[in-house]
Structure formats: C-alpha cells, structure tokens
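Ligands are counted one by one from 1 in listed order, and the atoms in each one are counted from 1 as well.
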Amino acid sequence: MKQIIIEGNHLLSGTIKIGGAKNSAVALIPAAILAKGDLKIKNVPNISDKDALIEILDLLNVKAVEYQNELLINTSNIKNALISEQLSNRLRASYYFMGALLGRFKKVEIYFPGGCNIGSRPIDLHLKGFEALGATINKEGSKYIIEAKELKGTEIYLDFASVGATINLLLAAVLARGKTIINNAAREVEIENVAKFLNKMGANIKGAGTERIVINGVRELHGAEISVIPDRIEAGTYIIMGALIGHNLTIDGINPNHLKVVLNKLKEMGVKFKTNKHQVTLTKTNQFKAVNVRTAVYPGFPTDLGQPMSVLLTQATGISQFEETIFENRMGHVPNLQKMGAKIEYERQHATFHGPNKLHGAELTATDLRSGAALVTAGLIAEGTTIINDAEHILRGYERIITKLSDVGAKIKIVDV
Ligand code: UD1
C-alpha cells in the first residue's frame with residue numbers, strides 16, 4: 001500500500017503546471033485504435049490510468065511508445081482480443097474499448113469496467129446505444145460479447161447526459177454506415193477533444209460540446225495528431241488548495257473558461273485571485289463566506305471537484321450546504337474530514353458544513369480518487385501530521401502530485417508500507 005504523509009500548515013507559493021486532462025486522455029487512447037496507421041497524442045498525463053490503457057493496447061498488439069508526455073501509437077498490426085477482467089477492472093475508461101473495438105472490428109469481448117466506487121455506475125446507456133446501432137449483446141457473468149454484422153447510423157436519445165455513453169457511442173458510430181444523431185449528449189469539454197481527434201482522423205462529427213451530436217459515418221480513419229486539453233479537475237483541485245493555503249500561487253497551463261463555474265463559486269466565497277489566458281494566481285484570503293454547492297453535468301459544478309471543494313467549505317464562516325447530484329456514493333471523504341475536526345452532518349448525497357473548523361492531522365483512508373485529493377487538501381491545512389492510506393487512488397488521476405506540491409512549499413511525501 002502507498003501512504004501519503006503531510007506535515008500541514010505550510011504556505012504554498014510559486015507555480016504549479018497543469019497536465020493533460022485524465023478524462024480526455026483515457027478516451028483518446030482507445031479512440032486511436034479506430035484509425036489505420038500512426039497517431040500521436042501530446043500532453044498525455046503521467047497517471048496510472050494511462051499505464052493501464054497502454055497495457056490494453058499491448059494486448060491488442062498495438063504499438064505504443066511514450067516519449068516524455070507524448071504517446072506514439074501504431075495500429076498496423078492490431079488484433080482483436082478478449083480484454084481480461086483484470087485489465088478491464090483497473091479503470092473505468094476500459095469501457096471505451098467497447099465502442100472502439102466494436103467500431104473497428106464489429107466485435108468486442110470485454111468485462112465490466114472498474115473505476116472509483118462512487119455509486120452503482122451502470123453502463124446500460126452505452127449498451128442500449130450499441131444495440132440501437134445494430135449490435136447484439138450477450139452477457140456471461142460480467143463478460144460482455146458485443147457484435148454486429150454491420151453498424152448502422154440511427155437517432156439515439158440518452159436518458160441521462162452521460163459522459164461515458166456519449167464518447168462510447170461516438171467511437172462506435174464514426175465507422176457506422178449512415179448518420180447517427182446523439183440527443184441529450186453530455187457537453188463536457190473532454191468530449192470536444194475526442195471529437196476533434198476523430199475528425200482529424202477523417203471522421204465527420206458535428207456538434208460535439210452541444211446536446212446534439214451528428215455523426216456521418218465514414219469508411220475508414222487514418223493517422224492523426226492531437227493534444228490533450230488541460231485537466232480542469234487537476235487545475236480546480238490545486239486552485240482550491242491555493243485558495244486555502246496559497247500565497248502568490250499560480251496555477252499555470254489551464255483554460256480558465258473550462259473552470260468558470262468553479263471560479264465564480266470561489267469569488268462568491270471571497271477567495272482572492274486573478275486570471276489571465278492560461279493562469280490563475282491566488283493570494284491569501286483570511287475569511288471565506290459560506291456558500292451552497294450543487295454538482296451538475298457540464299457546465300455545472302463538476303462532481304469531480306465536489307470532494308476537494310468540501311474542504312474549502314469546512315473553512316467558510318457559517319453554514320454551507322453541499323449536494324451531489326450525479327453519483328450516489330461520493331461522501332467517502334466526509335468521515336475522514338470529521339476525524340480531523342470538521343463539523344459536517346451528512347447523508348448519502350447531502351452534507352451540511354458548520355464552519356470554520358480548525359483541522360488537525362489524523363490517519364485517514366482514501367476511498368476513491370477525488371476523496372483522496374480532498375484528503376491531501378485537508379492535510380495541507382491541518383495542524384500536525386496527516387497520513388493518507390490507500391494513496392494509489394490518487395495516483396490514478398494526479399500526475400506527479402508529490403513533486404508538484406513539494407515544489408511550491410508543501411511538506412509531503414509518499415511511502416510504500
Ligand atoms: C465520467 C468521468 C468521471 C466523472 C463523470 C461525471 C471518465 C473516465 N470518468 O464518468 O470522472 O465524474 O464522468 O462527470 O471520464 N449512468 C447510468 N447509465 C449509464 C451511464 C451512466 O445510469 O449507462 C449514470 C451514472 O451511474 C451516473 C451518471 O449517469 O450516475 C453520470 O455518469 P457518466 O457521466 O457516464 O460518468 P462516467 O462516464 O462514469
């Protein structure tokens with residue numbers, strides 16, 4: 001097990017450079033197998049989810065070479081193969097090989113995906129979409145065999161604007177015959193990034209980033225190059241840390257337009273910051289106003305920042321209400337924060353914060369990726385030493401987090417126990 005140990009209460013100043021978006025990169029890598037030839041993905045974050053996807057590429061006989069933050073992929077010798085339970089289980093985004101292999105080979109055998117345990121996270125919308133495109137689905141235990149004689153474009157209505165289902169259906173539809181329309185599509189910026197990559201490969205996708213995406217199927221896709229957009233969740237996490245304990249802390253290499261809702265909420269709380277085209281710089285704020293936060297699909301407040309944001313709510317004066325609307329089980333950080341001295345009442349998807357509370361170091365356990373990020377945030381402002389068990393969760397989505405924080409003054413280390 002990996003443990004993160006933090007000696008709290010050291011001011012952060014300097015610059016933190018943000019990497020490529022996890023949720024884009026984990027879709028761009030599977031998307032690459034739809035093309036014949038050479039592909040280059042730039043600004044790939046160095047996270048363990050990426051390593052798991054490269055193992056899947058290897059299994060499919062797809063060559064992937066990493067050079068710094070670039071990933072060079074060659075699909076010339078690709079072979080369809082069963083993706084084992086052990087590999088599917090490593091991360092949520094293994095499910096993008098459903099759409100990609102179905103698109104490329106009209107057949108995929110794969111197990112139910114893994115990922116953070118933050119709710120039941122069914123994949124029924126993905127499967128219904130594949131069926132609408134003409135695929136049949138057989139399930140043996142947790143293994144799915146999805147195949148089609150031919151994929152045919154159709155009009156799909158998603159019951160919920162799911163990020164995963166929208167991208168998976170894009171992947172399956174780009175090589176389908178005719179026109180596919182995805183209604184009530186998710187609008188996350190990562191989806192635009194994926195559509196841009198597919199269009200550079202020769203696909204014909206219009207409307208990505210809106211709730212109606214139109215895909216005109218093409219016969220084949222060719223090599224292309226794409227850069228992963230900046231990670232708005234990684235950026236948001238460091239911005240929240242900066243709000244709490246930063247002084248002249250710059251979060252660099254971001255697109256502030258992707259973080260408007262978060263920055264607006266911070267402004268409402270009285271956080272002092274300045275933005276320019278690619279940066280946010282925070283200065284020390286002494287008092288935060290209580291606010292209400294409700295997560296929602298894009299462009300609403302991102303569910304992935306709800307947990308780090310909770311730490312800021314423990315420091316606000318008065319009562320703050322927090323509501324998580326996307327996942328049923330995203331409060332794993334709360335008992336940990338309570339252990340540190342936070343006054344929070346909560347039930348499944350609601351929490352009430354009575355702040356401000358002085359936090360003290362404690363031994364904690366990360367229950368998922370973003371709860372882990374919240375615990376790191378709390379450890380940075382706590383009095384004394386905080387130990388975070390099961391820190392592997394954090395490395396799934398935050399590249400070089402220990403170095404990035406140490407470089408701006410945090411006293412933080414990671415150890416194997
Ligand atoms: C993706 C992100 C995750 C983020 C989430 C919401 C990746 C790899 N993960 O997860 O970081 O927190 O978007 O922004 O990009 N649902 C169904 N049936 C389905 C699909 C989804 O009921 O077939 C439900 C889910 O249980 C959840 C909601 O829809 O309650 C949203 O899920 P979705 O947008 O699909 O999230 P993920 O793709 O799992």
Side-chain angles (χ1 to χ4, degrees), residues 20-31 45 47-50 52-53 56 88-100 112-132 137 139 144 146 156-172 182 184-194 211 228-229 231-237 258-259 261-262 294-309 323-330 332 348-349 368-374 393-394 396-398:
K22 164 187 168 287
N23 287 350
S24 262
V26 298
L28 293 169
I29 296 170
I47 50 176
S48 60
D49 269 13
K50 175 262 307 172
L53 292 170
I56 299 180
S88 303
N89 241 309
R90 291 260 296 275
L91 76 169
R92 192 82 196 148
S94 59
Y95 59 25
Y96 290 135
F97 282 99
M98 287 184 168
F112 193 80
C116 289
N117 182 13
I118 51 177
S120 62
R121 305 185 86 178
I123 55 165
D124 55 310
L125 301 174
H126 306 228
L127 300 175
K128 274 198 265 181
F130 296 145
E131 282 178 327
I137 297 166
K139 195 164 176 265
Y144 293 86
I146 309 170
I156 295 167
Y157 294 83
L158 292 179
D159 294 335
F160 185 88
S162 150
V163 175
T166 302
I167 293 179
N168 235 339
L169 295 176
L170 265 183
L171 298 176
I182 308 175
N184 196 28
R187 287 176 286 163
E188 270 70 1
V189 283
E190 291 75 17
I191 294 166
E192 288 182 59
N193 202 194
V194 176
E211 60 188 8
V228 182
I229 57 170
D231 195 318
R232 62 195 168 97
I233 307 300
E234 185 198 18
T237 305
H258 296 171
L259 282 155
V261 66
V262 177
R294 186 171 189 271
T295 65
V297 294
Y298 193 85
F301 194 96
T303 167
D304 285 348
L305 283 175
Q307 291 162 307
M309 186 69 182
E323 189 186 358
E324 164 58 38
T325 71
I326 314 288
F327 294 106
E328 317 89 81
N329 184 21
R330 222 167 188 184
R348 282 172 83 84
Q349 288 173 287
D368 56 83
L369 166 60
R370 307 299 171 185
S371 92
H393 286 298
I394 300 165
R396 286 197 31 229
Y398 290 87

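- Not a single salt bridge (charged side-chain N to carboxylate O under 4.0 Å, His left out) links Arg348 to another residue, sequence neighbours left out.
- Looking at Val26 next to ligand 1, no N or O pair under 3.5 Å apart turns up.
- Those atoms of ligand 1 that come under 4.0 Å of a heavy atom in Asn23, given as number and element, are 2 (C), 3 (C), 7 (C), 8 (C), 9 (N), 11 (O), 15 (O).
- The residue Glu190 has no part lying near ligand 1, judged by heavy-atom distances below 4.0 Å.
- The protein heavy atom nearest to atom 29 (O) of ligand 1 is Phe160 CD2, 3.4 Å.
- For the pair Glu324 and Arg294, the salt-bridge criterion is not met [side-chain N within less than 4.0 Å of a carboxylate O].
- Val26 has its side chain out of reach of Lys50: every pair of non-hydrogen atoms, C-beta onward, lies at least 4.5 Å apart.
- Judged as a salt bridge (charged side-chain N to carboxylate O under 4.0 Å, His left out), and not counting sequence neighbours, the contacts of Glu234 are Lys404.
- Residues Arg121 and Tyr95 have side chains that never bring a donor and an acceptor to within less than 3.5 angstrom of each other.
- In terms of polar-atom proximity, Asp304 is counted as a contact of ligand 1, with an N or O under 3.5 Å from an N or O of the ligand.
- Every atom of ligand 1 with a heavy atom of Arg330 under 4.0 Å away is listed here by number and element: 12 (O).
- Residue Gly164 places at least one N or O, backbone or side chain, under 3.5 Å from an N or O of ligand 1.
- Counting only distance, with no hydrogens or angles, the side chain of Ser94 and the backbone of Ser88 share a donor-acceptor pair below 3.5 Å.
- Residue contact check: Arg92 has heavy atoms under 4.0 Å from atoms 39 (O) of ligand 1.
- Polar contact check, Ala165 against ligand 1: no nitrogen or oxygen pair lies under 3.5 Å apart.
- Within the 4.0 Å heavy-atom cutoff, Glu324 does not count among the residues contacting ligand 1.
- Under the 3.5 Å distance criterion, the side-chain polar atoms of Ser371 are matched with a main-chain donor or acceptor of Asp368.
- Residue Ile326 has at least one nitrogen or oxygen atom sitting less than 3.5 Å from a nitrogen or oxygen atom of ligand 1, judged on distance alone.
- Close approach of ligand 1 to Arg121 (heavy-atom distance below 4.0 Å) involves ligand atoms 10 (O), 26 (O), 37 (P), 39 (O).
- For the pair Pro122 and ligand 1, the shortest N or O to N or O distance falls below 3.5 Å.
- Heavy-atom contacts of Ile123 reach the following atoms of ligand 1: 19 (C), 23 (O) (cutoff under 4.0 Å).
- The protein non-hydrogen atom at the shortest distance from atom 34 (O) of ligand 1 is Val163 N, 2.8 Å.
- Looking from atom 18 (N) of ligand 1 to the surrounding protein, the closest heavy atom is Asp124 OD1, 2.7 Å.
- No donor-acceptor pair closer than 3.5 Å links the side chain of Glu211 to the backbone N or O of Ala185.
- When hydrogens are left out, the protein atom nearest atom 25 (C) of ligand 1 is Phe327 CE2, 4.2 Å; that is the closest non-hydrogen contact.
- Heavy-atom proximity to Tyr95, at under 4.0 Å, picks out these atoms of ligand 1: 37 (P), 38 (O), 39 (O).
- Donor-acceptor pairing under 3.5 Å is recorded for the side chains of His126 and Asn168.
- Of the polar atoms of Thr303, none of the N or O atoms is found under 3.5 Å from an N or O of ligand 1, judged by distance alone.
- The shortest contact between atom 23 (O) of ligand 1 and any protein heavy atom is with Leu125 N, 2.7 Å.
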Quick one, His258 with Ile229, criterion side-chain contact (heavy atoms from CB on, under 4.5 Å). Give me CA distance, side-chain angles, the key distance, then yes/no. CA-CA 10 Å; His258 296 171; Ile229 57 170; 4.3 Å; yes
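- Put simply, the side chain of Thr166 gets close to the backbone of Ala186: a donor and an acceptor are under 3.5 Å apart.
- Scanning Cys116, Gly115, Gly119, Ser162 for the heavy atom closest to atom 35 (O) of ligand 1 points to Ser162.
- The closest side-chain donor-acceptor pair between Thr325 and Gln349, if any, does not fall under 3.5 angstrom.
- Taking any N or O of Glu328, backbone or side chain, none lies under 3.5 Å from an N or O belonging to ligand 1.
- Using a cutoff of 4.0 Å between basic side-chain nitrogens and carboxylate oxygens, Asp304 and Lys22 are not scored as salt-bridged.
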